[in-house]
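Note that the structure is predicted; figures quoted are calculated from it, not measured.
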Amino acid sequence: VQLQASGGGLVQAGGSLRLSCAASGRTFSRYVMGWFRQAPGKEREFVSTISGNGGSTYHADSVKGRFSTSRDNAKKTVYLQMNSLGPEDTAVYYCSAGLSYPLVHRSMGGYWGQGTLVTVSS
């Protein structure tokens with residue numbers, strides 16, 4: 001499966017963005033999807049994950065209550081809605097696909113998108 005992330009950009013603190021990750025391939029619904037992020041000088045960290053049918057989600061404590069994750073299997077797309085953004089959310093955001101839920105570690109992601117940059121100004 002190939003993944004293409006989009007939707008990043010520059011936003012002021014307190015603002016919102018919605019990231020999208022479009023997938024190719026015929027069996028998108030079988031994949032667990034995850035969002036990760038990597039800030040400058042830091043390791044890539046887990047943000048959120050969603051099960052294949054979209055019925056289960058799990059978010060990192062750092063984004064819980066501010067971010068939400070959803071998917072549209074008919075459109076082969078997963079979304080990350082980010083609200084109440086702060087400078088600490090500045091990072092390149094990556095989507096990943098794997099086969100085990102929850103997809104919470106980099107090693108579980110068999111496929112990766114190219115990343116989309118989110119910059120939050122204070």
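In the hydrophobic clustering of ILVMFWY residues, with side-chain heavy atoms under 4.5 Å counting as a link, Leu19 and Val63 come out together. By the criterion of side-chain heavy atoms lying less than 4.5 angstrom apart, applied directly or through intervening Ile, Leu, Val, Met, Phe, Trp or Tyr residues, Val11 is grouped together with Val47 in one hydrophobic cluster.
Heavy-atom minimum distance, Ser48 versus Thr69: OG-OG1, 2.7 Å. Here the closest non-hydrogen pair linking Arg44 and Tyr94 is NH2-CZ, 3.4 Å.
A heavy-atom distance below 4.5 Å is found between the side chains of Arg66 and Asp89. Residues Met33 and Leu3 meet the side-chain proximity criterion, which asks for heavy atoms closer than 4.5 Å. Looking at heavy atoms from C-beta onward, Cys21 lies out of side-chain contact with Tyr93 at the 4.5 angstrom threshold.
In this structure Lys64 satisfies the side-chain hydrogen bond (donor to acceptor under 3.5 Å, both in side chains) test together with Asp61, sequence neighbours excluded. Ala39 is linked by a side-chain contact (heavy atoms from CB on, under 4.5 Å) to Lys42, Ala91, counting only residues two or more places apart in sequence or in another chain. With sequence neighbours excluded, the residues satisfying ring pair (Phe, Tyr, Trp, His ring centres under 6.0 Å) with Phe46 are Phe36, Tyr58. Every residue two or more places apart in sequence or in another chain that forms a side-chain hydrogen bond (donor to acceptor under 3.5 Å, both in side chains) with Ser51 is listed here: Asn53. Residues passing the salt bridge (charged side-chain N to carboxylate O under 4.0 Å, His left out) test with Arg106, sequence neighbours excluded: Glu43. Tyr31 pairs by the side-chain hydrogen bond (donor to acceptor under 3.5 Å, both in side chains) definition with nothing, not counting sequence neighbours. Residues passing the salt bridge (charged side-chain N to carboxylate O under 4.0 Å, His left out) test with Glu88, sequence neighbours excluded: none. Residues forming a side-chain hydrogen bond (donor to acceptor under 3.5 Å, both in side chains) with Arg30 (at least two apart in sequence, or on another chain): none.
In this structure a side-chain-to-backbone donor-acceptor pair under 3.5 Å is present from Asn73 to Gly52.
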Donor-acceptor pairs are to be reported for all side-chain atoms of residues 78-85 against protein atoms at under 3.5 Å, with residues two or more places apart or in another chain.
unit_1, atom_1, unit_2, atom_2, d
Gln81, NE2, Asn83, OD1, 2.9
Asn83, OD1, Ser16, OG, 2.9

Taking only distance into account, with no hydrogens and no angle test, what donor-acceptor pairs under 3.5 Å do side-chain atoms of residues 112-122 form with protein atoms, sequence neighbours excluded?
unit_1, atom_1, unit_2, atom_2, d
Trp112, NE1, Gly109, O, 3.0
Gln114, OE1, Ala5, N, 3.2
Gln114, NE2, Ala5, O, 2.8
Thr116, OG1, Gly8, N, 3.0

Report all side-chain donor-acceptor pairs from residues 96-104 shorter than 3.5 Å, counting only partners two or more places apart or in another chain.
unit_1, atom_1, unit_2, atom_2, d
Ser96, OG, Tyr111, O, 2.9
Tyr101, OH, Thr57, N, 3.4
Tyr101, OH, Thr57, O, 3.4

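Listed by first and then second residue, the salt bridge (charged side-chain N to carboxylate O under 4.0 Å, His left out) pairs that reach into residues 91-104 come to none, sequence neighbours excluded.
Atom OG in Ser24 sits 10.0 Å away from atom CD in Gln4 (nearest 0.5 Å).
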